[in-house]
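Take a look at the structure below.
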Amino acid sequence: MPELPEVQTIVNDLVDAGLVGRYIRAVAIRWPGVIQDMPAATFRRRVTGNRIQAIQRRAKFIVWRLEDASQVLLHLRMTGRLHFARPGSRYAKHEHIAFRLDDGRQLRFHDTRKFGRFYLPADPGAFLARLGPEPLAPAFSARRFAQRLQGRRRMLKPLLLDQQFIAGLGNIYVDEALWDAGLHPLRTADTLQFEDVRRLHRAIRKALRKGLRNMGTTLGTGETTFYSLARNQGRNRDELNVFRRTGSPCPRCRQTIERLVVGQRSTHICPTCQPPPEQT
DNA sequence: AAGAATGTTACATG
DNA sequence: ACATGTAACATTCT
C-alpha cells in the first residue's frame, strides 16, 4: 500500500491526531515477528515509558523520535495500517502490536500479510543514512539526480524502485513518472540524455506531489487496501494515468496501455509515449 | 481457482 | 563493485 505520499499522509494524520507529546504507557506485542532485529521483550522494555517527541517520515519509514533520543521506525511494507482503539476492546484479526498512550487511547498496528516491521536501531542516523535522497527535498535538483545516475547502467524501473538509489518511490509512482517522462522502464540509465534526466526528475516530483495532494492512492475496497487513520482513503486512484489501467486508452495519445513484468513487478506503459529501447 | 498484490531482502550467477 | 534473476516472507483479492 504505502509509498512516499501514503506514508506522509499517515504521518500527517498521526500528528493531527495528537500523537506528538504522548507517553507510551504500555506495549502489547501479540506477534513477536513484528519486531525486527531485536527480541520483542527488549523492544517493549525500551519503548515503554518513553515519550514521542516528534513524528516524521524518511523514505517509506514512519519515524517516532523518542525522548531518550532513540527512534522507533515503522515500515508498513504492503498492507500495514495504524489505527486508534479503546484499550480493552477486542483485538481484530491481524492486529500484531498495540501501544497504550497516556491519554487513554491505544494505537494498534494491523497487517494482513505480516510483512510490516518495527525497528529500534542502535544508531538510527546510520540506519537511515543508507537510504537514497528524498525526491521532494529542495536539495534534490535535476543536477544532483544526474550525478547519481552517472555511471549507472541498470534499467530505469528497478533503479527507481531501489531505496538506496532514491527514497520513497514504489510501483505506482515509478510507472506514473516514467509515463509522464516518456521513458520506457527497460531503458537503462546510461542511455539518458540530460534532457531525459530533467524530464524524469520533474515527472517524479510531479507524481509524488499529486499523490500527496490527493492524500495517497487507495486501490480496491478490500481489507488490504490503503487507509490512513480513521479509514481515510486517498483520492489519487482516479487520477492515475497508466498504473493498473491495462487496456484503457493512454490519456495523452489514446493508444492502449500495456502491462509487462519488469524485475518481478507489474509495469504499465503506453507503447507509443514510451518507445522501447533498441535491442541488439 | 490460479495468479496477482502499493515491498524488501537474501542468495546465486554473471 | 555492479547487474540481473529467483525465491521467500503470509494472506487476501480478483
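Bear in mind the structure is a predicted one, so any value in this text is a computation, not a measurement. Chain A is the first sequence line, chain B the second, and so forth, proteins listed ahead of strands; every chain is numbered from 1.
Atom pair A:Arg77:CZ and C:dA10:C1' shows a separation of 13 Å (rounding to whole Å applied). Atom CD1 of A:Ile166 and atom P of B:dG7 are 14 Å apart (whole Å). Regarding A:His110, its NE2 atom lies at a distance of 13 Å from the C1' atom of C:dA10, rounded to whole Å. Between the CZ atom of A:Phe165 and the P atom of C:dT4 there is a distance of 13 Å, rounded to whole Å. Summarising the geometry, the separation between CE on A:Met78 and P on B:dT9 is reported as 14 Å, rounded to the nearest angstrom. One can place CG of A:Leu169 at 10 Å from P of B:dG7, the figure rounded to the nearest angstrom. Distance A:Gln36 CD to B:dG7 P: 17 Å, rounded to the nearest Å. When the P atom of C:dA10 is taken as reference, atom CZ of A:Arg81 falls 20 Å away, rounded to whole Å.
Salt-bridge annotation for A:Lys206 and A:Asp180: present, with a side-chain N of the basic residue lying under 4.0 Å from a carboxylate O of the acidic one. Salt-bridge annotation for A:Arg199 and A:Asp196: present, with a side-chain N of the basic residue lying under 4.0 Å from a carboxylate O of the acidic one. Checked for salt-bridge contact, A:Lys60 and A:Glu6 miss the test: no charged N lies under 4.0 Å from a carboxylate O. The pair A:Arg154-A:Asp190 fails the salt-bridge criterion, with no side-chain N (NZ, NE, NH1 or NH2) lying under 4.0 Å from an Asp/Glu carboxylate O. Electrostatic pairing of A:Asp175 and A:Lys157 counts as a salt bridge here, judged by a charged N lying under 4.0 Å from a carboxylate O.
In the region residues 147-159 of chain A, proximity to DNA chain C at under 4.0 angstrom, judged on heavy atoms, holds for A:Arg152, A:Arg153, A:Arg154, A:Met155.
For the P atoms, the distance from B:dG3 to C:dA7 is 14 Å, rounded to whole Å. Comparing C:dA10 with B:dA10, their P atoms are spaced 16 Å from each other, to the whole Å. Using C1' as the reference atom, C:dC9 and B:dA1 are 23 Å apart when rounded to the nearest Å.
Residue A:His94 places no side-chain N or O under 4.0 Å from the OP1 or OP2 atom of C:dT11. Proximity of A:Ser266 to the phosphate of B:dA5: a side-chain N or O atom is located under 4.0 Å from OP1 or OP2. Contact annotation: A:Lys114 side-chain N/O to C:dC9 OP1/OP2 distance is not under 4.0 Å. Phosphate proximity of C:dT11 to A:Lys93: absent, as no side-chain N or O sits under 4.0 Å from OP1 or OP2.
Ring pair A:Phe99/A:Phe118 is tilted by interplanar angle, where 30° to 60° counts as tilted. Classified by interplanar angle (parallel below 30°, tilted 30° to 60°, perpendicular above 60°), the ring pair A:Phe127/A:Phe61 is perpendicular.
Residue-level contact check: A:Phe243 touches the backbone only, with heavy atoms under 4.0 Å from sugar-phosphate atoms and none from bases. Looking at heavy-atom distances under 4.0 Å, A:Arg244 makes contact with a base.
Taking the 5.5 Å centre cut-off and the 30° plane limit, the aromatic side chain of A:Phe115 is classed as stacked on B:dG7.
Side-chain proximity of A:Thr112 to B:dG7, C:dT12, B:dA5: nearest is C:dT12.
Closest non-hydrogen pair, A:Glu176 versus A:Val242, comes out as OE2-N, 2.9 Å. Across all non-hydrogen atoms, the minimal contact from A:Pro5 to A:Tyr173 is CG-CZ, 3.5 Å.
Two residues, A:Thr188 and A:Gln264, neighbour DNA chain C, and the one matched to the more 5' nucleotide by heavy-atom proximity is A:Thr188.
Checked against A:Ile204 for a side chain to side chain contact (heavy atoms under 4.5 Å, CB included), the options A:Leu178, A:Leu4, A:Val174, A:Leu169 give a single hit: A:Leu169.
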Nucleotide-level pairing of DNA chain C, given in dot-bracket where Watson-Crick and G-U pairs need both distances under 3.5 Å and | marks other strands: .||||||||.||||

